[in-house]
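Each remark here refers to the structure printed beneath this line.
What's counted below: heavy atoms across the whole structure, side chains too, no hydrogens, waters or symmetry copies.
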Amino acid sequence: MLLQRVFCELCRRRRWWWINQNLVYGLGHIYNDLCAAMWFSYMMLFFQAVLEMRAVVAGAMLLLGQVIDALATPAVGMLADKYGTKKNWHLTGSIIVTCTFPLLFVRCWGCSATETSANVAWWMPSYYASLIIFFQIGWAIVQISHLAMIPDITDDLQIRSDLTSIRYMASVTSSLMVYLITWVVLRATNYSTFIGPTDDYKFRDVSLIISGIGIASFCLFHMLFKMRTSRDLKSNGHTVNNGTSSLKIENSESVRLVTKSRIIHFLQMPLLYQTSLLYVFSRLYWALSLVYVPLFLEERLSVNPSAGSELVASVPLVLYISSFFFTLLLKSKINNCGNYMAYLIGSFLSLISCLWIALAIDPDASIVQIYLVATLIGAGSSITLVSSLCITADLIGPHSHQGAAIYSIVTFADKLVTGIAVVAIENYKCDEVAACPQYYRGVLTFACGGSAVLGIISLSFTRLTFSCKPTI
């Protein structure tokens, strides 16, 4: 026992244990990130180009997923704070995702082009809607339980920022893997200029490969990651002096009871909802970019097919390489410039990318220009997302026992807003391509640009309120 205590003390002083655990923590959300990249980037393309769903029906599928995610998020947040451990919730969600996600990119039985259109018209949406419901519930469980571990791990704001950055770097790395795997599969299999119904096996192969990677990552996470809160409480409570020990245990329990009653104070704070808006608009820009960059590229290929279908993988790949680089840069510089200034810089980069698309990226624009715009999109989205999550962690402060509930409130609205935005965009799409040949170019300009502008407006109100935040 004495040697064990000495060893733990040395680990705590040298902090190598923390470094290892921080990296292991990043493994916990990789499967979710792989699924999110595939979901937002290729689900609409798979439904419309491969399964030949109508655009409005495909949009309704994405809206359904976002609504279920939004409804599951607060429920999971409240339950995870009261029952079980965050790791048990995380494992449950991971199992649900494993059972449902791979099937989303496999053509359903009875959905082939030779089947009667009347049966396919109702069976296909019903089948995929059922899968989407369970998949999104599992995804929400993993997301909220993993986010809520950050305040439980430490009260140090610097370490929380590091964990948030590591989490996002893991997300970027996961997305890079998705686009790299997709690019390899599209190039290694029968080459085609356009994505069509005969390419269904390519999406199936990609989904199975990334599912294997995701399963391995969350298994490693559960084997290697150790929560420190229980150990810290015991080490802080059990001292040599019995009177001091009982006093510390009593104080820790009283603090726990007090923090559990603080959720009502958060709900009464305008700052909570303003912080939520920052996250909503950063996520909206990110999600719309992921959804409509591949569709914009497919739209462009109908006019200029010289690059081939692999462009729908190589451009997002460049986008996420940019995200990864700027996340690394932000991790070392965010304390110097501050979370709010970082969000402002990211929003301006996002806005510049949208203006570039509007003014210069026509069907005849060079591939180099498209890659440069993708670099700006990746930079803007990564900076705003990381900084908005850091602002949320700062808002939670020492109240780690309400972490899941606060994160669920902050992330609730973005699910609904993204789903509604996609359905609205698809609803206004022309039935004939010739009637609006550059529709998705306009989407990337006005919808994504509007998200960046709204983020800047929300930031101005949030910064003013945060400077006057009362002590909780």
Side-chain angles (χ1 to χ4, degrees), residues 33 36-37 40 147 157 160-173 175-176 274-293 315-316 318-358 371-395 410-411 413-414 417-418 421 444-466:
D33 294 325
F40 284 110
L147 274 173
L157 296 181
R160 289 186 182 184
S161 297
D162 290 344
L163 288 170
T164 303
S165 297
I166 289 171
R167 186 179 186 275
Y168 190 77
M169 282 190 288
S171 173
V172 171
T173 304
S175 300
L176 282 172
Q274 293 165 355
T275 304
S276 300
L277 287 178
L278 290 179
Y279 182 77
V280 164
F281 294 128
S282 63
R283 285 280 298 187
L284 182 62
Y285 176 85
W286 174 83
L288 292 181
S289 298
L290 287 186
V291 170
Y292 289 110
V293 162
V315 171
V318 171
L319 187 154
Y320 267 94
I321 290 174
S322 170
S323 294
F324 184 77
F325 172 78
F326 278 94
T327 303
L328 288 175
L329 181 65
L330 187 64
K331 184 178 183 296
S332 60
K333 299 297 183 182
I334 194 168
N335 290 325
N336 296 332
C337 64
N339 295 326
Y340 293 98
M341 182 56 66
Y343 191 96
L344 182 63
I345 293 171
S347 297
F348 276 119
L349 291 177
S350 303
L351 190 57
I352 291 171
S353 69
C354 296
L355 292 174
W356 195 339
I357 293 173
Y371 286 144
L372 290 174
V373 169
T375 301
L376 282 178
I377 293 174
S381 60
S382 64
I383 293 173
T384 53
L385 272 173
V386 171
S387 57
S388 65
L389 286 174
C390 289
I391 291 171
T392 305
D394 291 347
L395 176 65
V410 170
T411 60
D414 91 271
V417 171
T418 301
L444 291 176
T445 298
F446 296 105
C448 294
S451 302
V453 171
L454 291 173
I456 294 172
I457 295 173
S458 300
L459 180 67
S460 62
F461 289 103
T462 306
R463 184 69 186 94
L464 180 62
T465 305
F466 196 87

Which distance, rounded to the nearest 0.5 Å, do you find between the OG of Ser387 and the CG of Leu459?
8.5 Å
Flag side-chain contact, heavy atom, 4.5 Å: Trp286 against Thr384
no
Got a second to check how far Leu319's CG is from Ser353's OG, nearest 0.5 Å?
9.0 Å
Flag, side chain of Ser458 to backbone of Gly455, donor-acceptor distance under 3.5 Å:
no
In residues 341-352, what donor-acceptor pairs under 3.5 Å come from side-chain atoms, sequence neighbours left out?
from   : atom 1 : to     : atom 2 : distance (Å)
Tyr343 : OH     : Leu278 : O      : 2.8
Ser347 : OG     : Tyr343 : O      : 3.0
Ser350 : OG     : Gly346 : O      : 2.9

Quick one: list whatever passes ring pair (Phe, Tyr, Trp, His ring centres under 6.0 Å) with Tyr292, sequence neighbours left out.
Tyr440
Under 3.5 Å, is there a donor-acceptor pair between the side chain of Ser322 and the main chain of Thr375?
yes
With Ile321 via side chain to side chain contact (heavy atoms under 4.5 Å, CB included) - residues at least two apart
Leu176, Leu317
Looking only at heavy atoms, the pair that brings Leu288 and Ala421 closest together is CD2-CB, 4.4 Å
For Ala170, all residues meeting side chain to side chain contact (heavy atoms under 4.5 Å, CB included), sequence neighbours excluded:
Ile30
Which residues satisfy the ring pair (Phe, Tyr, Trp, His ring centres under 6.0 Å) test with Phe281, sequence neighbours excluded?
none
Measuring from Thr445:OG1 to Ile357:CD1, what's the distance to the nearest 0.5 Å?
5.5 Å
Could you work out, with side chain to side chain contact (heavy atoms under 4.5 Å, CB included) as the rule, every residue matching Cys354, not counting sequence neighbours?
Tyr285, Cys448
Who passes side chain to side chain contact (heavy atoms under 4.5 Å, CB included) against Leu372, sequence neighbours left out?
Trp356, Val368
Quick one: list whatever passes side chain to side chain donor-acceptor pair (under 3.5 Å) with Ser381, sequence neighbours left out.
none
Contacts satisfying salt bridge (Lys or Arg N to Asp or Glu O under 4.0 Å) that involve residues 274-288 (not counting sequence neighbours) are Arg283-Asp414
